[in-house]
Amino acid sequence: MNLDFSDEQKQLREQVRRFLSENCTSETVRTILEGPESYDRKLYQGLAELGVLGAAIPEEYGGVGLGHLELCVVAEELGRVLAPVPVSSSIYLVAEFLLLAGSEAQKQAWLPKLAAAEAVGAFAFAEGQGRVTPAKIKASVSGGKLSGVKSPVADGDVADVAVVAAKNEKGQVSLYLVDLSGKGVSRTTLDTLDPTRGQAALTFDGAAAELLGGEGDGWNIASQVMDRAAVLMAFEQVGGADRALEIARDYALERMAFGRPIGSFQGIKHMLADMYVSATLARSNCYYGAWALNSGAAEFPVAAATARVSATTAFQHCAKNNIQVHGGMGFTWAFDCHLYYRRSNALALALGSLSTWESLLIERMSAGNAETAA
Amino acid sequence: MDFEDTPQEAAFRAEVRAWIDANAPKHLLAELKNASFASNGVVSEDPVSAGKAWQKKKAEAGWACLHWPKEYGGGARTPIERVIWGQEEGLYAALTGAFTIGHGMCGPTVMTWAKEEQKRELLPPLASGETIWCQLFSEPASGSDLAGLRTRAVKADDGSGDWIINGQKIWTSGAQVSDWGLLITRTDPDVPKHKGLTMFFLDMRSPGVEVRPIKQANGQSSFNEVYFTDVRIPDAQRLGEVGQGWEVSLTTLMNERLSIGSGMSTGFPELFRFCMEMEIDGAPAVEDAGVRSKLAQFAVKQSGLKYTGMRAISALSKGETPGPENSIGKLVAGSAMQELSMFALDIQGQAGVIWNDDSPQKGRFQGMLMRSPATRIEGGSDEILRNIIGERVLGLPGDIRIDKDVPFKDIPTSGRKKK
């Protein structure tokens, strides 16, 4: 039994951390937050050159062919620095859709580009307010032409290709690969909580759509890929939670009040201890998710939802209390606290809200064996 | 990452499983399974005798105290082998609860501080369950502030070198069945509080020792008060130097947190089973959105603890030492138990107030509700554990201690005004 990353995986972590410390500072994130660009192209290109975008993509499709554990390590580091890049849409989702359900031609066409950051992918799932359910999907495909409005679509403002959930002529949810540079596609950038990960509304009006996976198999495939993405995103969330805790801890050591560092007051010390506890529980649950993802264990759906619920809770907890530890300074634009707060809340809603995943977790546990997860 | 046994681990597991299958008291298993929360489990026979019998059998076959060296009656096994043993022993482990304090805390302290011939005399009977030990630390006026204790040890004036003990301890689990106690005393009130302490081990049947059970908030009596009136202890039963008691006690406390915190259950599997069976509006409770949300949060705490434990074991097996981060086990499990039991009663509606054998799972959740306040206090309160995490894991400054350099006799404590 060994619930830890290998020495090689830890070396990869160090390598990525070093790269990001030079190429993704608070300034990098703020440039995207305040500027017209919706992601840092140079940073994304650098990550591609480092080989980390293709960590879990096989070599024959332009990847490095390592595996999902390596991608988990990378995700955690990206989460620590709030990297303003479309990695979750492009790599955790679209690349995984292609790997799981794409035809050989679809894989050949898009995976090398995604791994090289020459193309960005997006997953178009939601259609407005409320949880996504099969009944809510109104987008439809007829005669290979897609019509409908998808919103919000993460990284939809910059994506070159989208996986779109829509109903086929028989009314079954299916998935379609859509080249967003084609005719019949228009997009509107949306104002959001976290402008460091862009969102858009995509309007399709007879856009060319190519079936991805089997007819009517869309909900099933989406569910499997969302589970994979949930684990990867959970690592981003744990990275963010850990970093928010570190920032809060450092401030508590440095900031003096009533003649002593504020971290010596139990009110602050206990808050930080609770942040450590939630981040630690989430990290352990993420390791379980990573193992299940990589090994293809039967309990993967439970493990994925466990990691997701735990990491979402921990990142929100650490990000909000990071501001609290900082007091008034934490509410200023100048301090980085709000960057973590933004990202924690945006990630909590990506891939479906916390309550959706809580419900999924318990549904899956009731279907299987509660003792497995306990 | 890998959860599978290595071939050696699998072989060890098979050996353990076969031995347990051939030797465990299977007639008690049904009782152990249905034990409601915090009860002794076995009622059809004397639980202490049943525990002693099982421990003796394990010791004879080399399965007792797997973490101890062989010369002291232990099994000298690796951390992973201990985990495998624990998984296979399962519910039978509850039989030997009376030895938890001796094996987990007193034994390691004796092993660290006693003279070699004393270790060889005291430890093997403790390992094999012939003797039971208790830990005489807390006092009415000093729980979390342990070093504020007032039980006095004074040299006898007859030249024998013996010590005379007077005072009172409290919250002593198992004192009524113990043969030996690990006793911390104050030998010098004229120096700051941590410097005037001395540790002994004491024969619990010595004249002047009186054990009085405490009736607890949940109606049980698992803790005791212990009174000392002119109790005599030979100087040879001192552990460490005179005045070194605080250092000795840290060995015990460190082992206590390791021993209590690891592998604690929050009660989640039982709650989940209950929510599958119980109905709300004609459908299983587990299908209710509000129930699901709460259950999911309990589920991720339970599994987070489980996998945090596995990470600690992974580190142990690589030769790393488990540190203060293990304080999270009891901190999380204790409060989760309390919230979880309140939630289980909430689902029962007004009937949640009823606590009898007809209550769901024979009143397990009512029992848990009434026992959990103690879990959040014993072996380090939630607040002390948060201090440990804050100070020793996160590196935050220690609390300001105004009594640090003051002679003990000049410190105001509860029930005693500063002179």
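On a predicted model such as this, the values are computed, not experimentally measured, just so you know.
With a 4.5 Å cut-off on non-hydrogen atoms, B/Ile84 does not touch chain A at all. Neither the backbone nor the side chain of A/Ser6 comes within less than 4.5 Å of any heavy atom of chain B. Within the 4.5 angstrom heavy-atom criterion, atoms from both the backbone and the side chain of A/Ser359 approach chain B. At a 4.5 Å heavy-atom cutoff, the contact between B/Met310 and chain A is made by backbone and side-chain atoms alike. In this structure, chain A has no heavy atom under 4.5 Å from any part of B/Glu287. Of the two parts of A/Arg260, only the side chain, counted from C-beta on, holds a non-hydrogen atom closer than 4.5 Å to a non-hydrogen atom of chain B. B/Leu295 touches chain A through backbone and side chain together, each having a heavy atom under 4.5 Å away. Interface remark: A/Gln9 contributes no atoms to any contact with chain B (heavy atom separation under 4.5 Å).
The residue among A/Gly263, A/Ala252, A/Pro261 with the most heavy atom pairs within less than 4.5 Å of chain B is A/Gly263. When each of A/Trp357, A/Tyr276, A/Tyr287, A/Trp291 is checked for heavy-atom pairs under 4.5 Å with chain B, A/Trp291 comes out on top. Interface remark: of the candidates A/Leu354, A/Leu360, A/Asn294, A/Val309, A/Val309 forms the most heavy-atom pairs closer than 4.5 Å to chain B. Between chain B and the options A/Leu245, A/Asp4, A/Leu272, A/Leu69, heavy-atom pairs under 4.5 Å are most frequent for A/Asp4.
Around atom CD of A/Gln324, no more than 12 heavy atoms belonging to other residues, nucleotides or ligands sit under 6.0 Å away. The number of heavy atoms from other shown groups lying within 6.0 Å of NZ (B/Lys404) does not exceed 12. Annotation: A/Lys10, atom NZ; neighbour count of heavy atoms from other residues, nucleotides and ligands within 6.0 Å is above 12. More than 12 heavy atoms of other residues, nucleotides or ligands sit less than 6.0 Å from atom CZ of B/Phe343. Applying the 6.0 Å contact sphere to CZ of A/Arg255 captures no more than 12 heavy atoms from other residues, nucleotides or ligands.
When all heavy atoms are compared, the tightest approach of A/Leu361 to B/Ala299 is CD2-CB, 4.2 Å. Closest of all the heavy-atom pairs between B/Val286 and A/Ser366 is CG2-OG, 3.9 Å. Here the closest heavy-atom approach between residue A/Leu281 and residue B/Gly304 is recorded as CD2-C, 3.6 Å. Heavy-atom minimum distance, B/Thr308 versus A/Ser284: OG1-OG, 2.7 Å.
Taken from CD in A/Glu299 to CZ in B/Phe3, the straight-line distance is 7.5 Å, to the nearest 0.5 Å. A distance of 7.5 Å separates OG1 in A/Thr280 from CD1 in B/Ile389, rounded to the nearest 0.5 Å. In this structure, the separation between OG on B/Ser314 and CG on A/Leu3 is 5.0 Å, given to the nearest 0.5 Å. How far OG of A/Ser264 is from CD1 of B/Ile400: 5.5 Å, rounded to the nearest 0.5 Å. With values rounded to the nearest 0.5 angstrom, A/Asp7 atom CG is found 7.0 Å from B/Lys318 atom NZ. One finds the SG atom of A/Cys72 at 7.5 Å from the CE atom of B/Met1 (value rounded to the nearest 0.5 Å).
Checking side-chain atoms of A/Asn285 against main-chain N and O of B/Tyr307 turns up no donor-acceptor pair under 3.5 Å. Here the side chain of A/Arg249 pairs a donor or acceptor atom with the backbone of B/Leu394 at under 3.5 angstrom. Judged by distance alone, the side chain of B/Ser293 and the main-chain N or O of A/Ser355 form no donor-acceptor pair under 3.5 Å. A/Lys269 places a side-chain N or O within donor-acceptor distance of the main-chain N or O of B/Pro397, the cut-off being under 3.5 Å.
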Q: Could you go through the side-chain contact (heavy atoms from CB on, under 4.5 Å) check for B/Arg386 and A/Val277 one step at a time?
A: CA-CA 9 Å; B/Arg386 285 192 177 96; A/Val277 167; over 6 Å; no

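B/Asn387 and A/His270 share a donor-acceptor pair across their side chains, judged by distance under 3.5 Å alone. Judged by distance alone, the side chains of B/Gln297 and A/Glu358 do bring a donor and an acceptor atom under 3.5 Å apart.
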